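Here is the naming used below: chain letters follow the sequence lines, and residue numbers restart at 1 for every chain. Computed from a predicted structure; not experimentally measured.
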Amino acid sequence: MAAERDSDVRAPQAVSSDGAVYETATGRAEAHYYHFSHDKAGMGSVDKAKVAAVVHSMSEGSSFYRNEERRDARIQQQIEGMRRRWQALREGGLELEGAAATARRERAAMETRRRLDRVWVVVDMDMFFAAVEMRDKPELRDQPMAVGGTGMLSTANYAARKFGVRSAMPGFIALKLCPSLVIVRPNYDKYKAAAKLAKQVFRRFDPQCVALSLDEAYLDVTDAVSRKLGGLPAAEMAAFHEAVWDVVAAIRRDVSVATGGLTCSAGAAPNAMLAKIASDMNKPDGQCLVPFDAGSILGFVGALPLRKLPGIGRVSETQLGGLGLRVVADVRDEAARLHCVLSPRMATWLHRVSLGIAESGRSGSEAGAQYRRKSISLERTFRDEGSLAALQATVAKLASKLSLQMQGSKAAAEAGSSGADGRQAEAGRAGSEAGAAEDDGVQAARPPRGHVPGFFGMADSDSDSDDAGRPKVRPAMRGRTVTVKLKLASFKVLQRSATLAEPTNSAEVISAACKRLVAQESERFKAAHGGRPLVLRLLGVKMHGLVFDDDVDEEERAAAGHMCKLDDGSDEDDGADGGSPERADSAVVGQGRRPVLRAVLDERLRQMRRHSQQSQQQHPAKRARRQPGGSSGQRSLSGFVSIS
DNA sequence: TACATACAC
DNA sequence: TATGGTGTATGTA
């Protein structure tokens, strides 16, 4: 967020009930060369125009830039269509009146589902990778510094952000903006170690906390707050808020102690989406509490620029901006009209989040443990390559590495482990095995080979043990559908896939299937372009339709998957959209497919819950301690928090 | 199922 | 010297 906010822990009252915590000013997305939006923490004093000019001058004329221009043009066209429909809607017209009725019903139904009885905290480490490096090398502390490479930066410290340098910016552009910038290659092992220390703290406040990435975690601290209140119902909201505030402050303090001085920011709210948004409001080293009453929540979310909603990215922000909508309150006011212009799902999703309602439902409890990935992939960027033989060699190598990963920890152990990639973002996946692929030469013009143990560095560089120190068992898996991703020299991306008769994790089988797809595409391209070769800058190999070897009852799982509701039972469809719960969650802006306007986080948690439910259905013995809707024997906070 | 696209980190 | 990698989801055909 824009302002470099005062980093001290503040009194809860700092969050006024009308949501004034939030700082509105944030231009909507402009042309693509403003890519690196400067509304991040620490960017308050940046001369945006100057930064944009530099970025533009570095990009103009490049293949990358031309691709962005094409993309922007397409989006602008979509927006034109939307605007026409938007403006054609007449007050008192039949369509709009009907939509208004829908919106009213929808809102009433949603309010019914607003929950204020759980306390969610989202903790986000401040400039995580950079902070770790600074901790370990104090001489970097006052120096503009970033972690990454000349190709791409993962994160930058605040000294660097003053120059307009930020994460996801190419290093060579960052150096232009800030010639004295020190770029440090990433040390993932160190980051993982630090993340582990932080997680140990989180566990004390929520044994079931979920880490979404190395630097971010979701905690349901309802029980901790209850304990803090000494088991007595808080007579007043103020006392309750204070308890929440103190718990969050304690988490942050303990994280700092445990990690040797790393700071984090946190948000607390009645649901995870709001907590996530709040975690960003007082960065760095700050916290923000969203009051636990509907009125305050409406004020808080209402003032947010749409981009602050998790799930609204650059494209969606631009599209909605094209309709004149800038802040969340705008979409709330235009709920009816939006129902006419957006897909039902998108409209409903936007409406819901504009009310600050999310499925915070369960404690994060059931989320993590049973998580199953849906796909596994590797991709590599390299210098433009037009030789089919060289491309096929890269495909073979990717397929072999992927095969090894799919064979689980045994294969990984045999293959040994190695260092981490240099290019991974400040992330890691939810519950994932944080796939840091080895940084090998991209061009890989080596002949294809079978999986020779020990030849290819294994991807899972670290994490041969979990954070409790136990050896981590990675189940072997097989996949049924193989997909190759091809990024042309022009940056255009193609995807080709084939479904096999049997799930596999064999390097040979995967490799052969991928090569066939690449060869086909190569032919097709030549035929369509007068013999010109297909020139690529990236190749990727992905498998999905995964089955896991440690899934004992595969058929049962499949059967359960069919019958399984997509949400927790308490959260049944409110009838507002007449669809299944998952349909209520996302949608389309514009005519082409667009959407995803989903609170990703909220979605992810739900997704994980769904998995856990599936397996609970087949493994009753594994039932989570905390039952859905339950508070594990603790008192619910609904005794002293009004539920609207 | 195949493909394109958006999004998060 | 030159714009990343992994995973999730959705819409359309």
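- A distance of about 15 Å separates the C1' atoms of B:dC7 and C:dG4, rounded to the whole Å.
- Distance from the side chain of A:S316 is smallest for B:dA6 among the nucleotides B:dC9, B:dT5, B:dA6.
- For A:V315, whose side chain is taken as the heavy atoms from C-beta onward, the closest listed nucleotide among B:dC3, B:dA2, B:dA6 is B:dA6.
- In this structure, the CG atom of A:L486 is 11 Å from the P atom of B:dC3, given to the nearest Å.
- For A:R307, the listed nucleotide lying nearest its side chain is B:dA8; candidates were B:dA8, C:dG7, B:dC9.
- Remark: the backbone N or O of A:G61 is paired with a side-chain donor or acceptor of A:R66 at under 3.5 angstrom.
- Picking from C:dG5, B:dA4, C:dT3 the nucleotide with the shortest atom distance to the side chain of A:I173 gives C:dT3.
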*Evaluate the side chain to side chain contact (heavy atoms under 4.5 Å, CB included) criterion for residues A:L309 and A:V328: first the C-alpha distance (whole Å), next the side-chain angles of each, then the deciding distance (0.1 Å), finally the verdict.*
CA-CA 8 Å; A:L309 299 175; A:V328 173; 3.9 Å; yes
*Using Watson-Crick and G-U wobble pairs with both distances under 3.5 Å, what is the 5'-to-3' dot-bracket string of DNA chain C, with [ ] for crossing pairs and | for pairs outside the strand?*
....|||||||||
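- Considering only side-chain N and O atoms, A:Y371 lies under 4.0 angstrom from the phosphate OP1 or OP2 of C:dT8.
- Between the side chain of A:N271 and the main chain of A:M273, a donor-acceptor pair closer than 3.5 Å is present.
- The side chain of A:T499 contributes no N or O atom lying less than 4.0 Å from OP1 or OP2 of B:dT1.
- Taking only side-chain atoms of A:I376, from C-beta outward, the nucleotide of C:dG7, C:dT8, C:dG4 with the closest atom is C:dG7.
- Contact between the side-chain N/O atoms of A:R71 and the OP1/OP2 oxygens of B:dA6 is found at a separation under 4.0 Å.
- Atom-to-atom distance recorded for A:K308:NZ and A:D280:CG is 4.5 Å, nearest 0.5 angstrom.
- Comparing atom distances between the A:S375 side chain and each of C:dT3, C:dG7, C:dG4 picks out C:dG7 as nearest.
- Separating the CD atom of A:Q495 from the C1' atom of C:dT10 is a distance of 13 Å, rounded to the nearest angstrom.
- Within the 4.0 Å cut-off from OP1 or OP2 of C:dT8, not a single side-chain nitrogen or oxygen of A:K542 is found.
- Picking from B:dC9, C:dA2, C:dG5 the nucleotide with the shortest atom distance to the side chain of A:F172 gives C:dA2.
- Residue whose closest nucleotide on DNA chain C sits further toward the 5' end, between A:R537 and A:E379: A:R537.
- Phosphate proximity of B:dA6 to A:R74: present, with a side-chain N or O under 4.0 Å from OP1 or OP2.
- With C:dG11, C:dG5, C:dT3 as the candidates, the nucleotide lying closest to the side chain of A:S343 is C:dG11.
- One N or O on the side chain of A:S59 and one on the backbone of A:V55 form a donor-acceptor pair closer than 3.5 Å.
- Distances from the side chain of A:K374 to the nucleotides C:dA9, C:dG7, C:dG5 place C:dA9 closest.
- Phosphate contact (OP1/OP2 of C:dA2, side-chain N/O of A:R383, threshold under 4.0 Å): absent.
- Heavy-atom distances to DNA chain C give each of A:F491 and A:K485 a nearest nucleotide, and the one nearer the 5′ end belongs to A:F491.
- A:Y218 has its ring centre no less than 6.0 Å from the ring centre of A:F202.
- When the nucleotides B:dA6, B:dT1, B:dA4 are ranked by their closest atom to the side chain of A:R480, B:dT1 comes out on top.
- Taking the six-membered ring for Trp and thresholds of 30 and 60 degrees, A:Y191 and A:F129 have nearly parallel ring planes, at less than 30 degrees apart.
- Among all heavy-atom pairs drawn from A:G148 and A:I183, the shortest one is O-CG2, 3.5 Å.
- A:T481 comes within 4.0 angstrom of the backbone, heavy atoms only, and of no base.
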